[in-house]
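Below you'll find the structure, written out as structure tokens, and then a few comments.
Every value quoted in this text rests on a predicted model; they were computed, and no experiment measured them. Sequence lines set the chain letters: A, B, ... in the order given, protein chains first and strands last, and positions in each chain run from 1.
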Amino acid sequence: MSRPAASLTRSAPAFRKALARWFARHRRPLPWREAPSAYRTVVSELMLQQTQVATVLPYFERWTQRWPGFADLARADEAEVLAAWAGLGYYRRARLLHGLAKAVAALPAPPTTAEGWVELPGVGPYTAAAVSSIAFGHPAAVVDGNVVRVLARLAGHRRTFASTAAAVRVVTPLAAALLDPRRPGDHNQAMMELGALVCRKASPACDRCPVSRWCASRGAAASIPAFAPKPRRSEQVDRALVVDRRRVLLRRHAKDSPRLAGLAELPLLASLRLKAGKLVAVRKRAITTTTYVERLHLVPAAKVRAAARRQPDLEWVSLADLPFAAVSGPHLRWVTELVGKVAGESKG
DNA sequence: AAATCGGGGTT
DNA sequence: AACCCAGATTT
């Protein structure tokens with residue numbers, strides 16, 4: 001590297017000042033910043049795990065209006081909580097957040113340190129540092145995807161990281177050394193905001209970077225950090241689309257299922273003991289490293305009535321109720337789009 | 001350490 | 001089409 005990280009850590013006070021000045025001017029007016037509270041910080045952080053800001057915004061507004069505080073959420077019905085999360089993805093988070101609210105509501109007061117927060121459901125190292133620093137001024141440095149990128153570039157790490165976890169381990173000491181202990185919440189948000197707005201993955205705006213004078217990657221930033229490619233798989237999935245008297249047959253996952261917890265989706269053809277039907281659509285859906293090629297088969301209701309009675313996780317949902325039935329986002333769209341086509345071909 | 005979990009925006 | 005996002009949990 002062209003500049004050792006040591007010179008950066010010696011410049012920590014000046015670095016913090018330049019970053020803070022930039023953040024004060026460029027910070028986005030996000031709802032969890034404008035009316036901050038411990039609860040709103042927690043909700044935003046859980047929703048923002050692996051999920052982009054723009055995606056979270058409408059969910060955050062609906063959620064906090066419906067459940068304004070820990071106690072309100074703690075009293076909520078689990079099915080309602082899961083339905084309110086439908087479409088956000090990583091559905092385990094909904095149950096974890098519900099459990100977190102119950103745990104906090106049972107305490108005399110919420111934890112104030114990262115060590116306290118990390119004990120709660122759904123809270124890992126990142127979220128514990130974020131909540132404790134932003135809501136309570138606890139001096140814990142956050143290391144998310146943005147911060148990894150910013151710090152790897154500042155330090156000039158040109159090697160290929162085996163995983164994001166490996167990169168987090170490497171840059172965490174630098175994150176801690178740079179943290180502004182007097183205003184850790186703002187400092188952490190400024191680091192992430194810098195990654196989101198300036199030190200972007202594909203097109204870093206180094207000419208607008210407030211800390212470029214300490215950066216060892218000037219001119220090569222776009223290629224840092226490098227990660228080993230992950231193996232990717234493709235898998236074919238066959239599902240049944242069954243419509244009967246303005247109702248559609250869905251399979252609902254258990255509330256504690258590792259995937260699609262509490263949500264409903266179109267049932268697998270195999271689960272209905274069917275080989276194939278009339279192919280009505282083929283969609284691709286990427287889930288992490290696997291691309292699922294989903295084929296939707298139109299199946300006459302008569303062929304599945306017995307199975308629907310036998311299998312308790314199968315349920316008929318009226319088309320009018322679909323938007324409120326905690327149906328996985330893509331499946332909700334598929335059914336909505338295909339129902340007209342189906343109605344024409346199966347007489348209703 | 002590696003695998004898994006959604007959905008969508010960006011490039 | 002590939003990559004990655006305010007990561008955590010389980011294996």
Side-chain angles (χ1 to χ4, degrees), chain A residues 27-28 30-33 40-60 82 85-97 99-100 117-131 133-135 140-150 161-169 175 185 188-197 200-204 222 225-235 253 256-263 265 283-294 327-334:
Chain A
R27 70 199 288 273
R28 290 169 290 179
L30 302 172
W32 44 90
R33 285 178 179 160
R40 290 165 65 85
T41 303
V42 168
V43 172
S44 69
E45 291 300 343
L46 266 290
M47 288 186 170
L48 286 162
Q49 288 171 7
Q50 292 299 101
T51 307
Q52 298 182 165
V53 169
T55 304
V56 165
L57 286 173
Y59 284 87
F60 180 83
L82 295 171
W85 200 275
L88 247 192
Y90 286 104
Y91 297 99
R92 196 183 317 177
R93 293 182 296 175
R95 244 168 47 88
L96 292 168
L97 176 54
L100 186 157
W117 277 101
V118 82
E119 297 300 322
L120 297 174
V123 179
Y126 162 79
T127 305
V131 171
S133 67
I134 295 170
V142 300
V143 183
D144 74 330
N146 284 308
V147 175
V148 164
R149 189 170 59 252
V150 170
F161 294 101
S163 65
T164 55
V168 167
R169 278 196 300 278
N188 281 331
Q189 293 185 78
M191 289 290 286
M192 295 188 281
E193 197 81 330
L194 186 66
L197 301 181
R200 297 168 301 209
K201 179 192 176 300
S203 56
F227 293 95
K230 297 181 183 100
R232 293 176 186 282
R233 301 178 290 131
S234 181
E235 215 171 286
H253 291 253
D256 58 349
S257 165
R259 54 180 291 268
L260 294 179
L263 267 70
E265 63 179 352
R283 306 292 167 89
K284 285 188 179 178
R285 189 149 74 119
I287 298 180
T288 320
T289 59
T290 304
T291 297
Y292 294 92
V293 181
E294 308 226 25
V327 178
S328 160
H331 291 265
L332 177 55
R333 278 192 298 281
W334 292 348

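Of all the heavy atoms in A/Ala175 and A/Val143, the pair that sits closest is CB-CG2, 3.8 Å. Across every non-hydrogen atom of A/Tyr91 and A/Gly87, the tightest pair is OH-N, 3.1 Å. Taking every heavy atom of both residues into account, A/Gln49 and A/Gly122 meet most closely at NE2-O, 3.2 Å.
Evaluation of the salt bridge (charged side-chain N to carboxylate O under 4.0 Å, His left out) rule for A/Arg232 yields no partner, not counting sequence neighbours.
First and last contacting nucleotides of DNA chain C toward chain A (any atom under 4.0 angstrom from a heavy atom, 5' to 3' order): C/dA1 to C/dT9.
Note that CG of A/Asn146 and CG of A/Asn188 are 12.0 Å apart. Values are rounded to the nearest 0.5 Å. For the atom pair A/Asp144 CG and A/Gln50 CD, the distance stands at 9.0 Å (nearest 0.5 Å).
Backbone-only engagement by A/Pro121 is indicated by non-hydrogen atom pairs under 4.0 Å involving sugar-phosphate atoms exclusively. The residue A/Trp85 sits apart from the nucleic acid: no heavy atom pair falls under 4.0 Å. Residue A/Val123 is classed as a sugar-phosphate contact, given heavy-atom separations below 4.0 Å to backbone atoms only.
You'll find the side chain of A/Pro330 reaches within 4.5 Å of the side chain of A/Arg285, heavy atoms only.
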**OP:** Indicate for each nucleotide in nucleotides 4-11 of chain B, in 5' to 3' sequence, whether protein heavy atoms under 4.0 Å reach the base (B), only the sugar-phosphate (S), or nothing (-).
**Re:** SBBBBS-S

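Positionally, the nearest nucleotide of DNA chain C for A/Asp144 lies more toward the 5' end than for the other of A/Asp144 and A/Leu96.
Below 30°, between 30° and 60°, or above 60°: for A/Phe60 and A/Trp32 the angle between ring planes is above 60°, a perpendicular geometry.
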